[in-house]
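Comments concern the structure below.
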Amino acid sequence: MNAAGTQSSAPPRAVEVHLSAVKRAAHIVASVVNPEDPIIITIDGPAGTGKSTVARQLAARIGLDFLDTGAMYRAATAIVIDHGLQNDLESGTFGRILEKIVDADLHFDWQTDPPAILAWLEPLNDRIRKPDVTRLVSHIATISTLRKHMVQKQRIIGHQHPRLVTEGRDQGSIAFPDAPIKFFLDADPAVRASRRAAQLRDAGHTIDEAELLDAILERDRIDSSRADGPLMCPHDAIRINTGNLDIEGVVEALATHAIKILGRPSNG
Ligand code: DC
């Protein structure tokens, strides 16, 4: 399966060789990371760059925990919709929204893979991927008081899980500015739209790719232009264009950079 979520047409042997290279790169990172040392790796970037999958695979292969911060904003959005607070969002009065989200005590169940997000101790995994949540989430993510609350939670998670790959939009810029390894994944909006379309088609949905592209561009616009924690490439992040790479290729690129940054010679 490539980054677009479609079956790769590469011959089996080529895939085997490629995958083993990724595993070897990840193994080398694992071997240069002292299992006692804290290490935070941030991965930011827009939707459709394969960020979540890449972050999760990188974390698994080098033995770190994985934090999906988008799930936190999605959970907040599901709560707003399901508690009838959308009018407060439209009128710009955020007090009750924040109160409800604080009350939900959002946190992750670290026993599941990937960690499930819980609100009032109930898992919200399926709910947060529904289209109504996806449509509204970038608006919810503009609420500054909510962002402060989320960043505070993310830093607490960083203390509790100091060996972490965390992905989102502001992880390298705001939540963990001192992280030793930062990545920014990007790809042309049309490439990102066609990846999302392929994923949705695989899941049995009928897709209008032009509409999907418009939605992605609109989400990019809102995410990049908000006052707090806008989507941006941190000045000290490594920027990777994932347009021509499949998931394994991206994980390999990240693992290779991580080896360099950790400052140990590669012995593989
Ligand atoms: O990565 P995702 O599609 O699950 O993110 C959902 C939304 O949450 C996206 O529109 C941007 C927002 N988000 C954010 O503002 N800050 C983060 N750290 C993570 C996600």
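Keep in mind that this is a model prediction, so the values were computed, not measured. We're numbering straight along the sequence, starting at 1.
- Other residues, nucleotides and ligands contribute only 12 or fewer heavy atoms inside 6.0 Å of the CG atom of N244.
- D65 is not listed as a side-chain neighbour of R163, based on a closest heavy-atom distance of 4.5 Å or more.
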Kindly indicate, with the supporting measurements, whether the criterion salt bridge (charged side-chain N to carboxylate O under 4.0 Å, His left out) is fulfilled by R147 and D228.
-> CA-CA 7 Å; R147 297 200 70 83; D228 285 305; over 6 Å; no

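- Y73 and I174 sit in two unconnected hydrophobic clusters of ILVMFWY residues. Membership requires side-chain heavy atoms under 4.5 Å apart, directly or through other members.
- The two residues D170 and G229 have their closest heavy-atom pair at CB-O, 3.9 Å.
- In terms of heavy atoms, L106 sits closest to A119 at CD2-CB, 3.8 Å.
- Taking hydrophobic clusters as Ile, Leu, Val, Met, Phe, Trp and Tyr residues chained together by side-chain heavy-atom distances below 4.5 Å, I128 shares a cluster with I101.
- By the 4.5 Å heavy-atom criterion applied to side chains, I97 and L146 are not counted as neighbours.
- The shortest distance between side-chain heavy atoms of I261 and I238 falls below 4.5 Å.
- Between the H83 side chain and the I79 main chain, a donor and an acceptor come within less than 3.5 Å of each other.
- Between the side chains of R196 and Q199, at least one donor N or O sits under 3.5 Å from an acceptor N or O.
- Put simply, CG on N125 and CG on L118 are 8.0 Å apart, with the number rounded to the nearest 0.5 Å.
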Assess whether salt bridge (charged side-chain N to carboxylate O under 4.0 Å, His left out) is satisfied between E218 and R221, documenting all intermediate values.
-> CA-CA 5 Å; E218 177 63 358; R221 189 189 63 73; 2.9 Å; yes

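- Under a hydrophobic-cluster definition in which Ile, Leu, Val, Met, Phe, Trp and Tyr are linked whenever side-chain heavy atoms come within less than 4.5 Å, directly or via other members, I156 and L67 are assigned to different clusters.
- Counting heavy atoms from C-beta on, the side chains of L121 and H107 come closer than 4.5 Å.
- Here the OG atom belonging to S138 is positioned 9.5 Å from the CZ atom belonging to R74, to the nearest 0.5 angstrom.
- Taking CD1 from I181 and NE2 from H257, the interatomic distance works out to 11.0 Å, rounded to the nearest 0.5 Å.
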Under the salt bridge (charged side-chain N to carboxylate O under 4.0 Å, His left out) rule, what do R226 and D223 come out as? Steps first, then yes or no, please.
-> CA-CA 6 Å; R226 67 180 166 235; D223 286 344; 3.4 Å; yes

Just do the side-chain contact (heavy atoms from CB on, under 4.5 Å) check on V151 and Q154 with the steps written out, would you?
-> CA-CA 5 Å; V151 167; Q154 290 153 12; 3.9 Å; yes

Does the side-chain contact (heavy atoms from CB on, under 4.5 Å) test come out yes or no for R219 and V137, once each step is laid out?
-> CA-CA 9 Å; R219 198 131 78 90; V137 62; 4.2 Å; yes

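- Residue-environment remark: CZ (R201) exceeds the threshold of 12 foreign heavy atoms within 6.0 Å.
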Worked check of side-chain contact (heavy atoms from CB on, under 4.5 Å) between I43 and L254 | CA-CA 10 Å; I43 305 182; L254 266 52; 3.6 Å; yes

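- The minimum heavy-atom distance linking E209 with S194 is given by the pair OE2-CB, 3.0 Å.
- Nearest heavy atoms, A197 versus I207: CB-CG2, 3.7 Å.
- Using a 4.5 Å heavy-atom threshold, the side chains of T49 and V54 count as separate.
- By the 4.5 Å heavy-atom criterion applied to side chains, R239 and D186 are counted as neighbours.
- With rounding to the nearest 0.5 Å, the separation of CG in D82 from NZ in K100 is 11.0 Å.
- Looking at R135 and D132, their side chains come closer than 4.5 Å, going by heavy atoms from C-beta outward.
- In the hydrophobic cluster analysis, where Ile, Leu, Val, Met, Phe, Trp and Tyr join through side-chain heavy atoms closer than 4.5 angstrom, F94 is grouped together with V102.
- Put simply, CE on M72 and CD1 on I117 are 5.5 Å apart, with the number rounded to the nearest 0.5 Å.
- Counting non-hydrogen atoms of other residues, nucleotides and ligands closer than 6.0 Å to CD of E90 gives a total above 12.
- Smallest separation of non-hydrogen atoms from P177 and K182: O-NZ, 2.7 Å.
- In this structure the side chain of T166 never reaches within 4.5 angstrom of the side chain of I157, judged on heavy atoms.
- Annotation: the span from Q171 atom CD to F184 atom CZ amounts to 12.5 Å, rounded to 0.5 Å.
- Across all their heavy atoms, G172 and D44 have their closest contact at N-OD2, 2.8 Å.
- Taking hydrophobic clusters as Ile, Leu, Val, Met, Phe, Trp and Tyr residues chained together by side-chain heavy-atom distances below 4.5 Å, L98 shares a cluster with W120.
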May I have the step-by-step check of side-chain contact (heavy atoms from CB on, under 4.5 Å) for L136 and Q86, ending in yes or no?
-> CA-CA 9 Å; L136 196 66; Q86 266 174 279; 3.9 Å; yes

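- In terms of modelled atom types and a separation under 3.5 Å, the side chain of K51 and the main chain of E167 share no donor-acceptor contact.
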